[in-house]
Amino acid sequence: MAAMGGGAGGVEAGTTAAWMERHRQMYERATRHPFIVSIRDGTVDLSAFKRWLSQDYLFVREFVAFTASVLLKCCKHEDNSDMEIILGGVASLSDELSWFKNEVDRWGVDLASVSPLNSNLEYHRFLRSFTEPEISYAVAVTTFWIIETVYQDSFGFCIEEGNKTPPELMGTCQRWGSAGFKQYCQSLQRIADRCLANAPADAVKSAEEAFIQVLELEIGFWEMSSSQS
Ligand SMILES: Cc1ncc(CO)c(N)n1
């Protein structure tokens, strides 16, 4: 199969596409999780959806600091032609947090009673460790790219042709599944590939390990949402 994201207007085959191929099974487990499949086929358990929604709100609050740290690393880098893309990603989280609060309200969830479950806390710890200055820009931006891409691919699947996604979940799926979000992920992918092409071997190795860790954490996050583990 052609590299993911390849083809016209996509992303040239690079390091990240090779990893998606090499870790294909785990990538599929992260992006075609039963929870996501249940949204697409319309059988989703709404209490699981609400759990995902309120947990993800807490995740995104934590994600702000991580994205800000990637932005800071980007700005310190000599080649900062990436700055506007990453700044756009950071800035969009402001609207995203408002969207979450609104959505949580609409689903009748009381945020005051929500605290992060274990898999979410584990993800928070991971994100925090990646804000450290020792983490290179190449590793951080690659991590940023895969975190966004798992959601893009997962929710994109829910709005693809043949979906039976419940109308009241379409807004959620469009947020991450839209063409605009896909383009943004592809921009991040091109940045990651360029950084990785110029990075020392040990940084490339760390970035691949982070890529795998993100897939594991994302699987854990879907598991937590669907089964409260
Ligand atoms: C758990 C998780 N991963 C990725 C994203 C994408 O921003 C998100 N909102 N939540």
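The structure displayed is predicted, hence computed values, not measured ones. All ligand and atom numbering here is 1-based and tracks the order in the structure.
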Any salt bridge linking [X] with [Y]? Criterion: basic side-chain nitrogen under 4.0 Å from a carboxylate oxygen.
{"X": "R106", "Y": "E103", "answer": "yes"}
{"X": "E208", "Y": "K205", "answer": "no"}
{"X": "D153", "Y": "R32", "answer": "yes"}
{"X": "R175", "Y": "D95", "answer": "yes"}

Practice task
Take W176 and W99 through the ring-ring contact (aromatic ring centres under 6.0 Å, His included) test and state the conclusion after the steps.
Solution key: CA-CA 12 Å; W176 291 279; W99 176 85; 5.8 Å; yes
Going by the order shown, which atoms of ligand 1 are within less than 4.0 Å of some heavy atom of [X]?
{"X": "F221", "value": "1 (C)"}
{"X": "F63", "value": "7 (O)"}
{"X": "V60", "value": "9 (N)"}

What is the closest protein heavy atom to [atom], and at what distance does it sit?
{"atom": "atom 3 (N) of ligand 1", "value": "E218 OE2, 2.6 Å"}
{"atom": "atom 7 (O) of ligand 1", "value": "E148 OE1, 2.8 Å"}
{"atom": "atom 8 (C) of ligand 1", "value": "Y151 CE2, 3.2 Å"}
{"atom": "atom 10 (N) of ligand 1", "value": "D56 OD1, 2.7 Å"}

Practice task
Return yes when V150 approaches ligand 1 closer than 4.0 angstrom through a heavy atom, no otherwise.
Solution key: no
Exercise for the section: Return the minimal non-hydrogen interatomic distance between A210 and T143, and the atom names on each side. Expected result: CB-OG1, 3.5 Å
